[in-house]
Amino acid sequence: MSTKAAALTANTYTRPEIGGYMVGMFGQNLIYQIINTGLYFYFQNVICLPAMALGWIFMLARVWDAVNDPIMGTFVDRTHTRWGKCRPYLIFGPPVIMVITIAAFLNSNYADATTTSGRIAIIAWAGISYILWGMTYTVCDIPLWGLTSVMTEDENDRAKALSLARIAAGFAGVGVMIVQVAQAVGSTFEASGLSHSEAQRRGFIVTAIGFTILSTILFEFAGLFTKERVAGSEEHYTVKQNFQIMWKNLPFRQILISGILRSPIQLLLINAMTVVTYYYANGDIMNVFGKNGLNMGILINMVLIGGMMFLGNFLGMGIMPGLMNRFEKKNLYNFATIAGALPYALMFVLYLVAGGNVKPLVWGIPFSVCIFLSGAAQGALNVLQSVMIADCVDYEEYKNGIRTDGVFFSGQSFITKLSSGIAALISSAVFGYVGYSGVNVDKLNTALNQGADFLTYDGGTGPGKYAAAMMFLISIPPAIGMLLAAIPTWRYALPDAEHSRILDELVEQRAAKAALEDNDIE
């Protein structure tokens with residue numbers, strides 16, 4: 001931020017407020033992980049929905065959510081209450097999300113999966129509950145990210161808030177552990193005499209309830225312990241006008257297209273627990289406690305793969321604020337996309353060179369390094385995208401006198417949700433092609449529980465095909481997506497120097513307006 005802008009404003013958040021915001025961000029993203037990782041795994045590998053049914057449910061729901069985001073952004077920008085325009089949704093929305101999140105996991109309790117009508121009912125419950133969850137999640141997601149633009153006028157503080165928010169969201173990645181915890185809980189039900197499949201189903205339901213209640217309590221912090229300081233535009237716009245505003249904003253349009261092209265990187269996130277559980281733990285995380293004691297091979301691989309991914313993500317997010325003070329954001333963004341494609345591609349190369357088995361440390365260590373580097377690139381891009389979208393809000397206010405924070409931050413949610421939907425459809429298409437779907441997954445689970453080896457299991461299309469499909473999905477499509485993502489932003493329309501000049505003028509205008517209003521009151 002320039003000296004002039006810093007001198008004109010001290011209107012920013014306090015430490016308790018940013019702390020409350022980060023706790024809320026952690027809780028909200030924990031709920032996201034419960035659904036994006038836990039529910040996806042539950043649908044695919046526990047109640048065994050057909051692959052293409054699962055893909056279309058997630059794709060259509062995410063497209064609908066993505067369309068809803070700008071609509072929700074419009075509602076946020078038209079909201080005026082004593083709590084502000086963002087906080088009301090963050091105070092009253094989380095309990096609703098909690099109820100629907102839990103309901104999504106209660107699937108298959110009311111229908112017989114062995115009958116056609118029962119399978120249809122289970123698929124219908126999955127689709128309806130997931131769509132409802134996405135709609136309610138949107139009601140809180142847009143205000144949560146939009147809050148960063150109204151908590152402070154200080155550019156550096158806003159960038160810091162966004163970076164800290166991304167870090168808090170990154171820590172919420174521990175939510176992927178819902179799969180391991182649920183399988184551990186399921187093992188206790190199995191010990192009481194239930195079948196393996198029924199025990200796993202109950203384990204997921206119980207775990208999802210506990211995780212969701214805790215997440216909701218944390219989520220409430222964002223609404224209860226923050227304050228809004230920056231007024232939005234006094235004019236109101238229709239949904240159609242807001243779509244036009246976003247699309248005509250050139251730098252925002254470049255970020256939007258880039259984010260959509262980068263969609264395949266979501267494949268690593270949605271399939272991470274499936275890869276860890278099946279490829280490394282042979283279908284059940286509890287296999288780490290083998291018959292002869294602790295299975296160090298599984299444990300080391302889980303720590304390497306899971307740990308390196310999170311460490312890389314945190315590194316990328318943590319170093320970005322400092323790098324943004326030294327380098328052009330556009331250059332950092334383009335470098336992260338292009339350089340980030342390499343480790344993704346190398347993962348599949350290592351898999352092929354290793355003959356399909358990257359479990360031994362000689363292959364596992366370089367494979368985990370690739371995971372680390374890809375996670376770092378993704379973490380860096382998450383921070384850069386959020387800060388660059390916030391810059392676009394200033395750009396729009398300067399160019400057209402319009403400050404629609406909610407609408408522009410709905411674009412970030414739009415990118416994430418549409419990307420997840422595209423990734424889910426790609427994943428389901430590949431899994432459907434190799435037969436990793438529905439009843440075949442149920443047969444696989446039974447075989448693995450009886451001692452079969454996932455790496456050599458023949459699902460009817462040849463041994464090792466399921467493993468190859470998983471490794472392909474988390475490497476090659478993400479590498480292609482990363483390379484494509486640099487094309488729209490190669491000539492980014494809002495250089496840092498121009499943004500600093502714009503912000504100086506905006507802060508001066510706000511200060512002059514505030515002084516004029518004070519004089520009128522006197």
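Note that this is a predicted model, so its numbers are computed, not measured. We use all heavy atoms of the structure for the numbers below, so side chains are in, but hydrogens, waters and symmetry mates are not.
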Atom pairs and distances, side-chain donor-acceptor, residues 471-479, under 3.5 Å, sequence neighbours left out:
residue, atom, partner, partner atom, Å
Ser475, OG, Met471, O, 2.7
Ser475, OG, Phe472, O, 3.3

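Take Phe372 and apply the ring-ring contact (aromatic ring centres under 6.0 Å, His included) test, not counting sequence neighbours, and it matches no residue. With sequence neighbours excluded, no residue forms a side-chain hydrogen bond (donor to acceptor under 3.5 Å, both in side chains) with Ser428. Every residue was checked against the ring-ring contact (aromatic ring centres under 6.0 Å, His included) condition with Phe189, not counting sequence neighbours, and none meets it. For Val63, the side-chain contact (heavy atoms from CB on, under 4.5 Å) partners two or more places apart in sequence, or in a different chain, are Met59, Leu418. By the side-chain contact (heavy atoms from CB on, under 4.5 Å) test, Met388 is found to be paired with Ile255, Lys329, Tyr333, Leu384, Tyr492, residues two or more places apart in sequence or in another chain being considered. Judged as a side-chain contact (heavy atoms from CB on, under 4.5 Å), and not counting sequence neighbours, the contacts of Val369 are Leu373. Residues meeting the ring-ring contact (aromatic ring centres under 6.0 Å, His included) test with Trp56, sequence neighbours left out: none. Residues meeting the side-chain contact (heavy atoms from CB on, under 4.5 Å) test with Thr226, sequence neighbours left out: Tyr21, Arg87, Leu147, Met151. Shown here are the salt bridge (charged side-chain N to carboxylate O under 4.0 Å, His left out) partners of Glu17, two or more places apart in sequence or in another chain: Arg229. With sequence neighbours excluded, no residue forms a ring-ring contact (aromatic ring centres under 6.0 Å, His included) with Phe367.
If you take CE on Met320 and CG on Asn382, they are separated by 11.0 Å, rounding to the nearest 0.5 Å. Atom CG of Leu214 sits about 14.0 Å away from atom CD1 of Ile209, to the nearest 0.5 Å.
Among the candidates Leu39, Leu49, Thr274, the single residue satisfying the side chain to side chain contact (heavy atoms under 4.5 Å, CB included) test with Gln44 is Thr274.
A pairwise comparison of heavy atoms in Ser374 and Leu268 identifies OG-CD2, 4.2 Å as the closest pair. Met308 and Ser368 get closest at one heavy-atom pair: CB-O, 3.5 Å. The nearest pair of heavy atoms linking Thr207 to Ala182 is OG1-CA, 3.3 Å. Taking each heavy atom of Ser263 and Ser419 in turn, the nearest pair found is OG-OG, 3.1 Å.
If you look at Tyr466 and Tyr436, their ring centroids are closer than 6.0 Å. Taking the centre of each ring, Phe43 and Tyr130 stay at or above the 6.0 Å mark. For Phe92 and Trp83, the ring centers sit closer than 6.0 Å to each other.
Under the 3.5 Å distance criterion, with hydrogens and angles disregarded, no donor-acceptor pair is assigned to the side chains of Asn313 and Gln378. Checking Arg62 against Gln266 by side-chain atom types alone, no donor-acceptor pair falls below 3.5 Å.
Within the 4.5 Å cutoff, the side chain of Tyr137 has no heavy atoms near those of the Ile142 side chain.
Aromatic ring orientation, Tyr32 versus Trp133: tilted (interplanar angle from 30° to 60°).
A donor-acceptor pair is defined here as one N or O able to donate and one able to accept, closer than 3.5 Å; such a pair exists between the side chain of Ser129 and the backbone of Ala126. Of the possible polar contacts, one joining the Asn445 side chain to the Asn45 backbone as a donor-acceptor pair under 3.5 Å is found.
Legend: ring pair (Phe, Tyr, Trp, His ring centres under 6.0 Å) pairs involving residues 268-288, not counting sequence neighbours, sorted by first then second residue: Tyr278-Phe454.
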